[in-house]
Asker: 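Take a look at the following structure, please.
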Amino acid sequence: MSASPARRVLIVDDEENVCRALRRTLRKEGYELFFASQPSEALEMLKTTKVDLVLSDHLMPNMTGLEFLKVVHDRHPDCLRIMLTGHADMQTAIDAINQGEIYRFLTKPWDDTELKVTLHLAFEQLDLQRENRKLLATVRRQHDLIQKLEREYPGIGDLVRDAEGRIVLEDPSTRN
């Protein structure tokens, strides 16, 4: 059995020391890490590189983390988003959750254990969302197949049961 592919995390922060610290914190977690120093660079990277999660700073030149994460949400809706900022205020957090539809809002300096647990829980959430989408697609395909069978073979779904609940097979020509 082959190992599952590494989780891909894109970290967007204009402070190199923050990127180095995040790399140190997450290097043994088994993630494939990608780094961008600004949102425009990250958006270019996302055109060719599929990632599972984006961890972004909020206050960066040219575009805020909130603006960036809103774009990521619109262009890559199945990519989870986490905001990491040293300039947290309640309105920024509310806007990040409501507009950027982020998974979590973390403050700098972060607690390494909290960050690792947050990423672990985020990936569990992502797995559940992906599995849910697969199951929903299967149910829709099955529904379409049943409808097609009903059109081609009217009454195929009708069941006759005896007093004990067993399915009774009958000759359709003997029906009233």
Side-chain angles (χ1 to χ4, degrees), residues 1-13 22-23 25-36 39-58 63-85 88 90-108 110-153 156-159 165 167:
M1 185 170 165
S2 64
S4 60
R7 303 296 193 160
R8 305 179 97 194
V9 178
L10 173 58
I11 296 170
V12 186
D13 199 304
L22 287 167
R23 184 185 309 272
T25 300
L26 299 174
R27 71 176 170 224
K28 293 182 181 175
E29 299 302 305
Y31 302 130
E32 187 175 353
L33 301 176
F34 299 87
F35 292 88
S40 58
E41 179 186 351
L43 291 172
E44 280 302 310
M45 191 180 296
L46 286 170
K47 288 179 181 177
T48 58
T49 306
K50 182 173 176 13
V51 300
D52 301 298
L53 185 140
V54 174
L55 176 62
S56 177
D57 185 23
H58 177 56
M63 181 185 281
T64 66
L66 176 56
E67 293 165 334
F68 166 65
L69 292 175
K70 284 167 62 176
V71 172
V72 172
H73 173 258
D74 291 343
R75 295 182 186 172
H76 309 278
D78 69 331
C79 178
L80 283 180
R81 295 157 306 283
I82 296 176
M83 184 176 288
L84 180 65
T85 185
M90 186 58 76
Q91 192 58 49
T92 301
I94 291 169
D95 290 345
I97 293 165
N98 292 340
Q99 297 173 30
E101 295 189 31
I102 65 166
Y103 174 74
R104 283 290 299 272
F105 186 92
L106 300 173
T107 57
K108 294 178 186 175
W110 63 88
D111 175 79
D112 286 352
T113 302
E114 181 186 11
L115 176 64
K116 291 174 185 180
V117 168
T118 297
L119 290 181
H120 177 79
L121 293 173
F123 286 124
E124 282 186 354
Q125 175 77 19
L126 187 62
D127 288 343
L128 289 172
Q129 289 172 355
R130 289 175 175 171
E131 184 64 21
N132 200 19
R133 278 195 290 276
K134 285 180 192 174
L135 292 171
L136 185 57
T138 299
V139 168
R140 286 182 176 147
R141 280 192 308 274
Q142 289 173 344
H143 176 74
D144 293 345
L145 177 61
I146 290 168
Q147 285 188 324
K148 179 182 176 199
L149 288 170
E150 272 292 338
R151 282 191 304 274
E152 292 177 14
Y153 306 98
I156 193 170
D158 297 340
L159 294 178
I167 297 172

Asker: My understanding is that only residues two or more places apart in sequence, or in another chain, count here; which of them pass side-chain contact (heavy atoms from CB on, under 4.5 Å) with Arg141?
Answerer: Ala137, Thr138
Asker: Sequence neighbours excluded, which residues qualify as side chain to side chain donor-acceptor pair (under 3.5 Å) partners of Gln129?
Answerer: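 Gln129 satisfies side chain to side chain donor-acceptor pair (under 3.5 Å) with no other residue.
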Asker: Who are the salt bridge (Lys or Arg N to Asp or Glu O under 4.0 Å) partners of Arg75, not counting sequence neighbours?
Answerer: none
Asker: With sequence neighbours excluded, what pairs up with Thr48 under the side-chain contact (heavy atoms from CB on, under 4.5 Å) test?
Answerer: none
Asker: List for me each residue that meets ring-ring contact (aromatic ring centres under 6.0 Å, His included) alongside Phe123, sequence neighbours excluded, and say none if there are none.
Answerer: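 Testing Phe123 for ring-ring contact (aromatic ring centres under 6.0 Å, His included), a comparison that skips the adjacent residues, returns Tyr31.
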Asker: Restricting to side-chain contact (heavy atoms from CB on, under 4.5 Å), what partner residues turn up for Arg27, sequence neighbours left out?
Answerer: Arg24
Asker: Among residues at least two apart in sequence or on other chains, which ones pass side-chain contact (heavy atoms from CB on, under 4.5 Å) with Glu124?
Answerer: His120, Leu121
Asker: Please name all residues satisfying salt bridge (Lys or Arg N to Asp or Glu O under 4.0 Å) with Glu67, sequence neighbours left out, ordered by chain then number.
Answerer: none
Asker: For Lys47, what residues pass the salt bridge (Lys or Arg N to Asp or Glu O under 4.0 Å) criterion, not counting sequence neighbours?
Answerer: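 So Lys47 forms a salt bridge (Lys or Arg N to Asp or Glu O under 4.0 Å) with Glu44.
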Asker: Applying salt bridge (charged side-chain N to carboxylate O under 4.0 Å, His left out), which residue pairs with at least one partner in residues 125-137 are found, sequence neighbours left out?
Answerer: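 Residue pairs passing salt bridge (charged side-chain N to carboxylate O under 4.0 Å, His left out), neighbours aside: Arg7-Asp127, Asp52-Arg130.
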Asker: Report the residues that fulfil side chain to side chain donor-acceptor pair (under 3.5 Å) with Gln147, sequence neighbours left out, ordered by chain and then residue number.
Answerer: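 Side chain to side chain donor-acceptor pair (under 3.5 Å) check on Gln147 returns His143.
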Asker: With Asp112, which residues qualify under salt bridge (Lys or Arg N to Asp or Glu O under 4.0 Å), at least two apart?
Answerer: none
